[in-house]
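Here the structure comes first, spelled out in structure tokens, and everything after it is commentary.
None of these values were measured; they are calculated from a predicted model. In what follows, every heavy atom counts, from backbone to side chain, and hydrogens, waters and symmetry copies are set aside. Throughout, protein chains are lettered first and strands after them, A, B, ... in sequence-line order, and every chain is numbered starting at 1.
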Protein chains: 2
Amino acid sequence: MSDINHLASIAALLGDPARANILVALFDGRALTAKELAYAAHVTPQTASGHLGKLFEGGLLTMEKQGRHRYFRLASASVAQMLESIMAVTDTQPPRPWRGGEGLRNARTCYDHLAGRLGVALASFLMDAGHLVLSSDGGEVSASGLAFLRDFGAEPGPSKRVFCRPCLDWSERRPHLAGRVGAALACRCFDLGWIRRQRDTRALAVTAEGRVGFQARFGFDASFGQ
Amino acid sequence: MSDINHLASIAALLGDPARANILVALFDGRALTAKELAYAAHVTPQTASGHLGKLFEGGLLTMEKQGRHRYFRLASASVAQMLESIMAVTDTQPPRPWRGGEGLRNARTCYDHLAGRLGVALASFLMDAGHLVLSSDGGEVSASGLAFLRDFGAEPGPSKRVFCRPCLDWSERRPHLAGRVGAALACRCFDLGWIRRQRDTRALAVTAEGRVGFQARFGFDASFGQ
DNA sequence: GGAATGATGCGGCCAGCGCCGAAGCGTTAC
DNA sequence: GTAACGCTTCGGCGCTGGCCGCATCATTCC
């Protein structure tokens with residue numbers, strides 16, 4: 001009883017377009033200020049402030065003050081996964097024409113890991129090389145995969161068995177690599193300067209070093225025909 | 001742009017208490033009539049009809065006419081997973097006192113698999129016996145586990161590698177067994193008559209045969225102290 | 001055919017909520 | 001100190017949307 005109302009109240013928070021825009025803007029895991037989020041949601045700062053208060057109250061966001069700025073970010077990975085699962089539903093629906101930018105299709109972040117053609121290409125390479133097994137239900141990194149990741153500088157952690165969470169890509173409709181392994185891989189690619197975030201979009205830019213690096217290490221052309 | 005509005009519209013569908021009640025009532029995968037759902041949502045049939053129309057229009061439900069009845073069920077497993085992930089968020093939040101029935105804590109269905117103490121106990125047995133490895137990120141059935149399941153009559157499918165999706169239990173806070181394997185296991189337990197659905201609740205009843213069977217096969221007491 | 005039942009359509013009521021303008025508070029910059 | 005900036009609170013407007021009573025249609029039972 002009470003928890004169903006709680007479910008509904010959480011969902012109602014996501015149900016307003018302005019708040020949905022705010023959450024999606026934060027979906028890549030960054031922390032943004034109230035003003036930036038107001039811009040992202042296409043509302044005035046006052047209105048955004050109200051929404052942010054509700055989202056914070058609802059436990060979906062965390063906030064930290066820094067001088068006269070307030071930085072907001074998603075409260076946890078489970079919030080990101082919730083957004084992900086809703087996007088999965090919006091996508092399994094009538095094949096509505098996708099009018100988003102081509103940049104988002106190529107490469108984007110999905111909270112803490114990589115998605116789009118880049119994410120799928122990475123996962124494909126690892127699978128083809130026998131480093132990874134992935135299905136819709138789960139996945140696992142092999143011994144050779146663990147060595148490969150370690151050599152690449154993306155050690156996923158100390159646990160003996162390294163499972164991964166697959167994440168169905170809404171643009172490519174193929175699973176890509178999420179979970180600890182996906183996060184470590186994405187983090188390393190940022191560190192190497194292979195990919196860079198862009199302003200005002202979740203789309204990622206593959207740098208010149210990145211194109212060379214992905215070709216050399218992972219054997220695919222990260223320009224995706226551009 | 002357009003897909004964010006779509007996300008918001010889906011979330012708005014879940015954001016109304018009456019619709020949330022309808023979806024949760026359908027969460028165990030059964031098909032229910034419009035009247036039953038009106039009762040579950042605590043609204044009149046007219047109101048429920050409106051809600052069902054919206055949910056159907058939004059692609060969250062499927063409907064089939066049978067005589068003068070209309071049976072509704074969740075449109076897909078991805079809808080169930082969406083609900084699951086929202087429940088996960090509602091639960092990772094302030095440790096609000098749980099006022100639900102004790103029956104639900106013991107055994108319930110989670111769309112197509114088993115949850116509650118029963119679900120966790122099953123997963124624990126399989127893990128202790130070396131039949132299953134499960135973490136928060138993923139899981140896998142071992143060769144011995146595959147043989148065990150086959151012998152039990154719950155063959156999960158022909159694929160060489162059998163991964164499982166873990167599902168964080170909101171009452172036990174431990175992962176239990178979802179995905180194809182979880183569904184096959186639950187299905188077999190129903191077939192054997194070990195568990196039975198109850199009216200007007202997602203809670204399951206463990207039958208006398210079930211208590212004997214779970215004790216013999218899985219080595220735990222399925223009465224859970226009752 | 002007639003009555004009962006399940007489901008839907010319509011009209012009207014009303015609460016709730018999103019929105020912005022104006023004003024207030026706190027911090028930073030000069 | 002003064003000004004600029006970021007953010008929040010308050011108040012009022014306007015509209016969406018949930019709810020039910022009543023009526024209608026379709027199906028089944030007798």
Side-chain angles (χ1 to χ4, degrees), chain A residues 1 4-26 30-73 199-200, chain B residues 1 4-26 30-73 199-200:
Chain A
M1 177 57 118
I4 287 182
N5 287 334
H6 198 200
L7 185 152
S9 68
I10 295 290
L13 286 176
L14 314 181
D16 177 76
R19 286 193 293 262
N21 271 291
I22 288 176
L23 289 168
V24 170
L26 292 169
R30 279 181 303 177
L32 297 176
T33 67
K35 190 177 194 177
E36 291 171 308
L37 292 169
Y39 176 79
H42 310 296
V43 292
T44 59
Q46 311 92 290
T47 303
S49 177
H51 287 312
L52 290 169
K54 287 177 187 175
L55 290 169
F56 179 75
E57 195 65 24
L60 299 185
L61 300 184
T62 61
M63 189 255 291
E64 53 186 308
K65 308 168 79 161
Q66 233 175 71
R68 59 181 163 182
H69 297 278
R70 313 238 153 148
Y71 283 91
F72 292 88
R73 69 170 71 231
R199 276 185 64 84
D200 302 328
Chain B
M1 178 57 116
I4 287 184
N5 287 335
H6 198 199
L7 185 151
S9 68
I10 296 290
L13 285 176
L14 314 181
D16 176 76
R19 286 193 293 261
N21 271 290
I22 288 175
L23 290 168
V24 170
L26 292 170
R30 280 180 302 177
L32 298 176
T33 66
K35 190 176 194 180
E36 291 171 310
L37 291 170
Y39 176 79
H42 310 296
V43 291
T44 59
Q46 312 91 291
T47 303
S49 177
H51 287 311
L52 289 169
K54 288 178 186 175
L55 290 169
F56 179 74
E57 195 64 24
L60 300 185
L61 299 184
T62 60
M63 188 255 291
E64 52 187 308
K65 309 167 82 161
Q66 234 176 68
R68 59 182 164 184
H69 297 277
R70 312 240 152 148
Y71 283 91
F72 292 88
R73 68 171 72 229
R199 276 186 63 84
D200 302 329

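A straight line from CG of B/Leu52 to C1' of C/dT8 spans 11 Å, rounded to a whole angstrom. For B/Met63 and C/dA7, the CE to P distance is 11 Å, given to the nearest whole Å. The NZ atom of B/Lys35 sits 10 Å away from the C1' atom of C/dA7 (whole-angstrom rounding). If you take CG of B/Leu32 and C1' of C/dA7, they are 16 Å apart, rounded to a whole angstrom.
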Extract all donor-acceptor atom pairs below 3.5 Å that involve side chains of residues 44-51 of chain A and protein atoms in other chains or at least two apart in sequence.
{"unit_1": "A/Thr44", "atom_1": "OG1", "unit_2": "A/Gln46", "atom_2": "OE1", "d": "3.2"}
{"unit_1": "A/Thr44", "atom_1": "OG1", "unit_2": "A/Thr47", "atom_2": "OG1", "d": "3.1"}
{"unit_1": "A/His51", "atom_1": "ND1", "unit_2": "A/Arg19", "atom_2": "NH1", "d": "3.1"}

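Of the two residues near DNA chain D, B/Lys65 and A/Gly50, the one whose nearest nucleotide lies more 5' is A/Gly50.
Side-chain contact check for A/Ile10 versus B/Leu14: every heavy-atom pair is 4.5 Å or farther apart. In this structure, the side chains of B/Leu23 and B/Leu13 stay at 4.5 Å or more apart for every pair of heavy atoms.
Chain A approaches DNA chain D within less than 4.0 angstrom (heavy atoms of the protein), and the contacting nucleotides run 5' to 3' from D/dA4 to D/dT9.
Considering CG of A/Leu60 and CG of A/Leu52, their distance stands at 11.5 Å, rounded to 0.5 Å. The CZ atom of B/Phe72 sits 5.0 Å away from the CE atom of B/Met63 when rounded to the nearest 0.5 Å.
When all heavy atoms of B/Phe56 and B/Leu61 are compared, the closest pair comes out as CD1-O, 3.3 Å. Taking all atoms of both residues into account, the shortest heavy-atom contact from A/Ala20 to B/Ala8 is CB-CB, 3.9 Å. Between B/Ala25 and B/Leu32, the shortest heavy-atom distance links the atoms O-CD1, 3.8 Å.
Partners of A/Ala41 under the side chain to side chain contact (heavy atoms under 4.5 Å, CB included) rule, at least two apart in sequence or in another chain, are A/Ala18, A/Asn21, A/Ile22, A/Val43.
The side-chain hydrogen bond (donor to acceptor under 3.5 Å, both in side chains) analysis of residues 61-71 of chain B, with sequence neighbours excluded, yields no pairs.
In this structure, the helix from C/dG1-D/dC30 to C/dC30-D/dG1 shows an angle of 30° between the axis at its start and the axis at its end, each fitted on 5 base pairs and rounded to 10°.
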Per-nucleotide protein contact along nucleotides 10-26 of chain C, 5' to 3', at a 4.0 Å heavy-atom cut-off (B base, S sugar-phosphate only, - neither), is --------SSBBB----
